[in-house]
Amino acid sequence: MSDRIILKLGGSVITDKGADCRVNHAALSGIAADIAVVPATGIVVVHGAGSCGHPEARKYRLDQGVAAGQTEGIAVTHRAVSALNAEVVAALRSAGVQALGVHPLHAGVADKGRLVAFESRHLEKMLALGMVPVIHGDVVMDLSRGACIVSGDQLVRYLAVALKCNRVGLATDVPGVLDGGRVVPEITPQTMYTLQIGNSSYTDVTGGMKGKIDELLGLAAAGTGSDIFEVSRLGDFLAGKDHGGTKVRGG
Ligand code: IP8
């Protein structure tokens, strides 16, 4: 069976998190070049928002839900992440990857901040045609709260199961999960509570590294492990080689 891969690009990799929505074009073209040389296989790209979405989501307090008459933040935040998505798709397409943007606002429904439905039949069809769907953390309508933010990591967990992906990789701006400055080679539910994991100092409405690991441990419990590595090691991950980062496993 050939691999089906979900690759998450961290927001801090593809944007400058300290600036107002500044896209890191150099990082994107390096990533696109790495993906372009992967032999034909199924790849789904999911990316975070970085400075193109988190500041907007924080400003409009989308983590607290949305009431009628206060819906401006939905449009503003979705516009910011959609613009970033267009840049990611453009970089991939210039490298020859048949990338296509897919917006969770249009495909998913949440309840109390968690996805309860996400159409995946169109994604299957794109994969069957050799395309690379490019999905992103987004605002999603929420049955209880009006709207909420669904992180790229939550999407990874949901879609890895729905699309039966056998490899899950998260490219970050650090060499893996760090504990006291050292890369933790493996995390399981048992070892998680022994770790001191730092968090980003930048605006992040979806829980930073801790939120990421919670999602990945949930995915591992459902039977799919994942790998967190520095984006400079993306080629190694895609080639199935050691990437020097952290493996999240079910224990
Ligand atoms: O950067 C957040 O996704 P993440 C999405 O993967 C928005 O946490 C809109 C802030």
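Whatever order the structure lists ligands and atoms in, that order sets their numbers, starting from 1. Below, each value reflects all heavy atoms present in this structure, side chains not excepted, and no hydrogens, waters or symmetry copies.
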Proximal atoms of ligand 1 relative to V81 (non-hydrogen, under 4.0 Å): 9 (C)
Enumerated ligand 1 atoms positioned under 4.0 Å from heavy atoms of T77: 9 (C)
Any N/O pair G152/ligand 1 closer than 3.5 Å: yes
Enumerated ligand 1 atoms positioned under 4.0 Å from heavy atoms of G53: 10 (C)
Sidechain-backbone polar pair: S51 side chain, T15 backbone, donor-acceptor under 3.5 Å: no
Distance filter under 4.0 Å to G48 heavy atoms, resulting ligand 1 atoms: 1 (O), 4 (P), 6 (O)
Distance-only N or O hit between ligand 1 and A49, under 3.5 Å: yes
Contact atoms of ligand 1, heavy-atom distance to G137 under 4.0 Å: 3 (O), 5 (C)
M141 CE to D111 CG distance, which is reported to the nearest 0.5 Å: 12.5 Å
Within residues 45-109 or reaching into it, pairs that qualify as disulfide bond (SG atoms under 2.5 Å apart) - sequence neighbours excluded: C21-C52
Residue-ligand contact K8/ligand 1, heavy atom below 4.0 Å: yes
V134 and its side-chain contact (heavy atoms from CB on, under 4.5 Å) partner, picked from V44, V102, L92: L92
Part of D138 with heavy atoms under 4.0 Å of ligand 1, whether side chain, backbone, both or neither: backbone
Heavy-atom nearest neighbour of atom 4 (P) of ligand 1 within options H54, E215, H136: H54
Separation between CG of N24 and CD1 of I14, rounded to the nearest 0.5 Å: 9.0 Å
Ion pair R157/D153, N-O distance below 4.0 Å: no
ring-ring contact (aromatic ring centres under 6.0 Å, His included) partners of H136, counting only residues at least two apart: H47, H103
